[in-house]
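Read through the structure below, which is laid out as structure tokens, and then see the notes.
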Amino acid sequence: MTEYNTLTLEKAEGIATLTINRPKMLNALSQEVLEEVSVALDEVEKDGAIRVLIVTGSGTKAFVAGADIKEMKEKNAVEGTIFSSLGNAVFSKLEQLRQPTIAAVNGFALGGGCELALACDIRIGAENAKFGQPEVGLGIIPGFGGTQRLPRLVGTGKAKELIYTGANVAAAEAYRIGLLNKVVAVEDLLEETKAMAEKIIKNSPLGVEGSKKSINQGMQMSIQQGLALESEVFGALFATEDQKEGMTAFVEKRNAQFENK
Ligand code: CAA
């Protein structure tokens, strides 16, 4: 198993939990963190026993307070582009991970932290969660996908308001605008996130992975291309044992036992 300096990766009962672990810096994303997240994602992708990935930050104050401003401060234009490209590559890898992903958002999710949550499939927030894209106050723009994923999730008008003002959004408002799927008590965050992961795990892995692929790829296509892709993924699943098991179990009035084949 790989050793990490800036994060922990725990695996139990089909769930991997990736925790960004730089609490003194409010889990800010340095180049090293991004490189380690990339390696950890490869480890999760290859692990056939892992069915859901949870992404969180250590402590209760911050999920991730953004890209590491102290590290970015002296960068020139070329280095800035390279850093943004690294973050975008790693977050795209997260977005396209084979398994479904859930961000468990504890406290500040600002800048790159908001963007990390946006790259996950589902976001559950503690009552103290605060989202924001404060980059314009630093003389830059969001650089790890915020200008692209935020408008796709909450709509262009709301995303422009959040990015132009740099204002923070509390958990209840984040839920109202669709940035959070659910808000829970601070002390229940990981337990509630695991409960959702367990619900996902009960279903056919190939069905869940096929749904993720169809939604993610379909969102990049015209509706007609997306519907054609859906029919292709739908049809391919009829060649699997899990489809036979799922439908047989329904007819026999018992729980399905999926084997991922
Ligand atoms: N980068 C580097 N260090 C950070 C950091 C960041 N993004 N966020 C917090 N820290 C550090 C602080 O500098 C401080 O370190 P020192 O003790 O050495 O001074 C430590 O974490 C604790 O933070 P604060 O003392 O500031 O804690 P606070 O409770 O007073 O404030 C906060 C909390 C409101 C989150 C504040 O820390 C803050 O505003 N952080 C920066 C948020 C931000 O601007 N994020 C966007 C970064 S740019 C980006 O992400 C670009 C992109 O899209 C890729």
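Start at 1 and go down the list; that is how both ligands and their atoms are numbered.
With respect to atom 19 (O) of ligand 1, the closest heavy atom belonging to the protein is K70 NZ, 4.0 Å. Scanning the protein for heavy atoms near atom 1 (N) of ligand 1, the closest one is I69 N, 2.9 Å. When hydrogens are left out, the protein atom nearest atom 23 (O) of ligand 1 is L26 CD1, 3.6 Å; that is the closest non-hydrogen contact. Ranking the protein heavy atoms by distance from atom 10 (N) of ligand 1 puts M25 O, 3.8 Å first. With respect to atom 52 (C) of ligand 1, the closest heavy atom belonging to the protein is E135 OE2, 3.4 Å. Closest to atom 17 (O) of ligand 1 among all protein heavy atoms lies K24 O, 4.9 Å.
There is a protein heavy atom less than 4.0 angstrom from atom 15 (O) of ligand 1. In this structure, atom 26 (O) of ligand 1 has no protein heavy-atom contact shorter than 4.0 Å. Distance remark: protein heavy atom not present below 4.0 angstrom from atom 39 (O) of ligand 1.
Below 4.0 Å from some heavy atom of P142 lie the following atoms of ligand 1, by number and element: 53 (O). Taking every heavy atom of E115 and a limit of under 4.0 angstrom, the matching atoms of ligand 1 come to 52 (C), 53 (O), 54 (C). Within ligand 1, the atoms closer than 4.0 Å to a non-hydrogen atom of G112 are 49 (C), 50 (O), 53 (O), numbered from 1 in the order shown. Every atom of ligand 1 is numbered from 1 in the order shown, and the set under 4.0 Å from a heavy atom of M72 is 48 (S). Atoms of ligand 1 found under 4.0 Å from any heavy atom of F144, numbered from 1 in the order shown, are 53 (O), 54 (C). Near P134, with a cut-off below 4.0 Å to any heavy atom, the atoms of ligand 1 are 43 (C), 44 (O), 45 (N), 46 (C).
The residues K194 and E191 are annotated as not salt-bridged, no charged nitrogen and carboxylate oxygen being separated by less than 4.0 angstrom. Note on E43 versus K11: salt bridge recorded, some NZ/NE/NH1/NH2 to OD/OE distance being below 4.0 Å. A salt bridge between E45 and K93 is absent, with no side-chain N of the basic residue lying under 4.0 Å from a carboxylate O of the acidic one. Between E209 and K212, no side-chain nitrogen of the basic residue sits less than 4.0 Å from a carboxylate oxygen of the acidic one, so the salt-bridge criterion is not met.
Between G143 and ligand 1, at least one N/O pair is under 3.5 Å apart. Annotation: L110 places no N or O atom under 3.5 Å from an N or O atom of ligand 1; distance criterion only. Among the atoms of L138, none of the N or O lies under 3.5 angstrom from an N or O of ligand 1. Annotation: G111 places no N or O atom under 3.5 Å from an N or O atom of ligand 1; distance criterion only.
Not a single donor-acceptor pair under 3.5 Å links the side chain of D68 to the backbone N or O of Q31. Checked by atom type and distance alone, the side chain of E241 never pairs as donor or acceptor with a backbone atom of E259 at under 3.5 Å. Looking only at distances, a side-chain donor or acceptor of N128 sits under 3.5 Å from a matching main-chain atom of T60. Side-chain atoms of Q133 do not come within 3.5 Å of backbone N or O of P142 as any donor-acceptor pair. Judged by distance alone, the side chain of N27 and the main-chain N or O of A62 form a donor-acceptor pair under 3.5 Å.
Within a 6.0 Å radius of CG in N255, no more than 12 heavy atoms belonging to other residues, nucleotides or ligands are found. Dense packing is recorded around NZ of K244, with more than 12 heavy atoms of other residues, nucleotides or ligands lying under 6.0 Å away. Surrounding CD of E13 are at most 12 heavy atoms belonging to other residues, nucleotides or ligands under 6.0 Å away.
For the atom pair CD1 of I54 and CG of L190, the computed distance is 6.5 Å after rounding to the nearest 0.5 Å.
With a heavy-atom cut-off of 4.0 Å, A65 touches ligand 1 through backbone and side chain alike. Contacts of K61 with ligand 1, taken as heavy-atom pairs under 4.0 Å, involve the side chain alone.
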